[in-house]
**Student:** 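If you scroll down you'll find the structure; I have some questions about it.
Chain letters run A, B, ... following the sequence lines, proteins first, then strands; residues in each count from 1. All values derive from a computational prediction rather than experimental measurement. Just the heavy atoms: all of them, side chains too, but no hydrogens, waters or symmetry mates, feed the values below.
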Protein chains: 2
Amino acid sequence: MQKYSKQTRILLAVDCIIFGFDGDTLKILLIKRAFQPEKDNWSLMGGFVQPQESLDQAANRILKQLTDLEGVYLEQLHTFGSTKRDPIERTVSVTYFALIDINKYQTQLSKDYHAEWFPLKRFPKLIFDQQEMVEAAKKRIRYKAAMHPILFELLPGKFTLPQLQTLYECVFNTQIDKRNFSKRILATGLLIKLTDKDKAGSKRGAFYYQLNMQNYYAKFQAFMNFIPNPDTLSQ
Amino acid sequence: MQKYSKQTRILLAVDCIIFGFDGDTLKILLIKRAFQPEKDNWSLMGGFVQPQESLDQAANRILKQLTDLEGVYLEQLHTFGSTKRDPIERTVSVTYFALIDINKYQTQLSKDYHAEWFPLKRFPKLIFDQQEMVEAAKKRIRYKAAMHPILFELLPGKFTLPQLQTLYECVFNTQIDKRNFSKRILATGLLIKLTDKDKAGSKRGAFYYQLNMQNYYAKFQAFMNFIPNPDTLSQ
DNA sequence: TCAAAAGTGTTAGGGGTACACCCATGT
DNA sequence: ACATGGGTGTACCCCTAACACTTTTGA
């Protein structure tokens with residue numbers, strides 16, 4: 001027996017929801033689709049899974065194609081497989097979301113794909129069921145950021161507390177008291193205060209911080225309190 | 001243009017991690033694989049995705065095939081797609097986990113598939129990468145149960161507090177003080193105390209409770225406190 | 001009457017939230 | 001000098017965790 005002979009093979013794609021933060025607003029990176037159907041309409045960056053690559057490899061390849069970035073935070077989100085998603089031919093799509101430092105993004109690469117950043121609160125209609133994908137990604141990022149320190153992936157290596165707070169406020173669409181916020185964040189031991197300041201945002205300037213990588217990896221499981229002394233809750 | 005002509009189609013399977021709770025131990029339901037490769041070895045229940053069904057439909061079909069149950073808690077977990085997972089032919093597997101009331105499971109159906117319940121702490125070696133799938137499911141169930149009242153799906157309609165506590169202790173592999181546990185659980189408003197008792201577990205008997213479905217649906221988002229007044233964190 | 005599990009209340013401490021003022025600096 | 005955003009401390013309250021005894025009843 002060499003093959004599962006009677007079974008149907010299906011087209012498999014990967015679509016990436018790419019998040020960035022410009023200091024003010026959470027954004028997603030969209031492209032103009034280059035081929036039919038829905039040519040020239042706004043779409044997530046995606047591509048078909050190739051025979052010799054894993055899903056994670058496909059996602060990384062697709063992300064690199066558009067952003068030229070490697071080693072960024074990329075996590076599988078959900079697989080969408082309703083039979084009519086793509087009108088041309090049934091295609092199952094495995095979605096990933098990426099968190100990138102928007103400053104590392106090379107603007108010129110956008111041209112090849114006619115890519116643009118759009119605020120998460122106001123972006124164009126997307127093809128197929130991609131609207132639903134973005135919604136799922138938004139939920140997941142909130143969900144995860146509520147318990148794990150993933151939002152740092154959206155910031156440069158050096159950042160200020162006001163920047164970080166704005167990011168949290170964006171993601172959770174809420175207002176946070178800065179005194180409580182800084183206490184809480186600093187109490188995690190995740191941050192190292194640097195000696196220099198960012199003078200861009202104000203006259204006085206705000207101190208830069210960077211991640212304490214030891215604590216960061218150790219505490220990635222973080223913030224849980226429903227169950228006393230659980231065995232593991234990580235991931 | 002009628003097809004994405006140059007792309008490779010891939011075999012797509014669904015595998016289900018089926019959890020049950022017998023009052024004492026968390027268990028998973030495994031079958032003896034009926035065909036090559038790995039014939040007669042222990043495996044998750046799975047099957048290929050058919051051309052005219054969605055992934056959710058495939059998962060429900062597969063679950064029903066083995067358990068005859070419908071409408072049970074079933075959630076997509078993760079999609080496994082390394083190229084060498086299945087030695088015969090590349091197969092991407094979308095995994096789902098199911099939480100079922102073990103009492104509703106019809107033992108006789110097991111015979112067709114040579115199915116058996118195994119304690120999550122000690123189950124046989126599984127085929128391919130299914131060990132990893134079970135690990136992922138275990139993590140996910142803990143993760144989710146820490147914040148959402150999903151464990152009720154593993155219990156019958158009427159259950160006692162000691163039963164519920166044992167279940168939590170199993171899932172999180174920890175010991176919980178019963179006074180604090182009952183206070184916390186009852187404070188959620190999710191439970192309705194019934195007038196009759198379960199006399200099976202003790203001489204005195206323990207009161208039955210059932211879910212308050214209004215509150216259950218309303219509070220499914222539950223237990224979060226990192227961010228004050230978040231917009232939404234549901235899922 | 002004894003063993004085994006169910007059920008219940010109090011206290012102390014820590015963490016969270018609410019809240020207001022001073023500081024540094026560029027214009 | 002003043003406007004703008006950065007930075008810090010305290011008090012109160014609630015929630016959590018720790019902890020022990022009584023009740024019921026079948027054997």
**Student:** Rounding to a whole Å, what distance do you find between B:L164:CG and C:dA6:P?
**Tutor:** 13 Å
**Student:** Checking B:Y96 against B:D56 for the side-chain hydrogen bond (donor to acceptor under 3.5 Å, both in side chains) test, could you report, in this order, the C-alpha distance in whole Å, the side-chain angles of both residues, the deciding distance, and whether it holds?
**Tutor:** CA-CA 9 Å; B:Y96 282 75; B:D56 288 357; 2.5 Å; yes
**Student:** Return yes if the base of C:dA24 and the side-chain atoms of A:R204 contain a donor-acceptor N/O pair under 3.5 Å, otherwise no.
**Tutor:** no
**Student:** Can you tell me which nucleotide in C:dG7, D:dG9, C:dA4 comes closest to the side chain of B:A206?
**Tutor:** C:dG7
**Student:** So, are A:D198 and A:K158 salt-bridged, with charged N and O less than 4.0 Å apart?
**Tutor:** no
**Student:** By nearest heavy atom, map B:L161 and A:S202 onto DNA chain C; which one lands nearer the 5' end?
**Tutor:** B:L161
**Student:** Bend angle of the helix from C:dT1-D:dA27 to C:dT27-D:dA1 from five-pair axes at both ends, rounded to 10°?
**Tutor:** 0°
**Student:** Which nucleotide in the set D:dA17, D:dA3, D:dG26 lies at the smallest distance from any side-chain heavy atom of B:K199?
**Tutor:** D:dG26
**Student:** Identify whether the distance between the nearest side-chain nitrogen and carboxylate oxygen of A:E75 and A:R140 falls below 4.0 Å.
**Tutor:** yes
**Student:** Would you mind reading off the distance between A:Q165 atom CD and D:dG6 atom P, rounded to a whole angstrom?
**Tutor:** 9 Å
**Student:** Using the side-chain heavy atoms of A:K183, tell me which of these nucleotides is nearest: D:dT10, D:dG6, C:dG26.
**Tutor:** D:dT10
**Student:** Starting from P on D:dT16, measure out to CD1 on B:I185 and report it in whole angstrom.
**Tutor:** 12 Å
**Student:** Figure out the CZ/P separation between B:F159 and C:dA6, and round it to whole Å.
**Tutor:** 15 Å
**Student:** Would you kindly give the CG-to-C1' distance between A:N180 and C:dG15, to the nearest whole Å?
**Tutor:** 11 Å
**Student:** Checking ring pair (Phe, Tyr, Trp, His ring centres under 6.0 Å) against A:F159, which of A:Y208, A:F207, A:Y209, A:F152 comes through?
**Tutor:** A:F152
**Student:** Between B:K32 and B:W42, is NZ or CZ placed under 6.0 angstrom from the six-membered ring centre and within 45° of the ring axis?
**Tutor:** yes
**Student:** Without decimals, in angstroms, what is the distance between A:K203 NZ and D:dG7 P?
**Tutor:** 16 Å
**Student:** In whole Å, I'd like the distance from the CG atom of A:L186 to the P atom of D:dG9.
**Tutor:** 12 Å
**Student:** Which residues pass the salt bridge (charged side-chain N to carboxylate O under 4.0 Å, His left out) test with A:D40, sequence neighbours left out?
**Tutor:** none
**Student:** In whole Å, I'd like the distance from the CZ atom of B:R179 to the C1' atom of D:dT16.
**Tutor:** 13 Å
**Student:** side-chain contact (heavy atoms from CB on, under 4.5 Å) with A:L155: which of A:L167, A:L211, A:D101?
**Tutor:** A:L167
**Student:** Give a yes/no answer on whether the side chain of A:K178 brings an N or O atom under 4.0 Å of OP1 or OP2 in D:dG6.
**Tutor:** no
**Student:** Does a nitrogen or oxygen in the side chain of A:R184 sit under 4.0 Å from OP1 or OP2 of C:dT17?
**Tutor:** yes
**Student:** Among the candidates C:dA18, D:dT8, C:dA6, find the nucleotide nearest to the side-chain atoms of B:P162.
**Tutor:** C:dA6
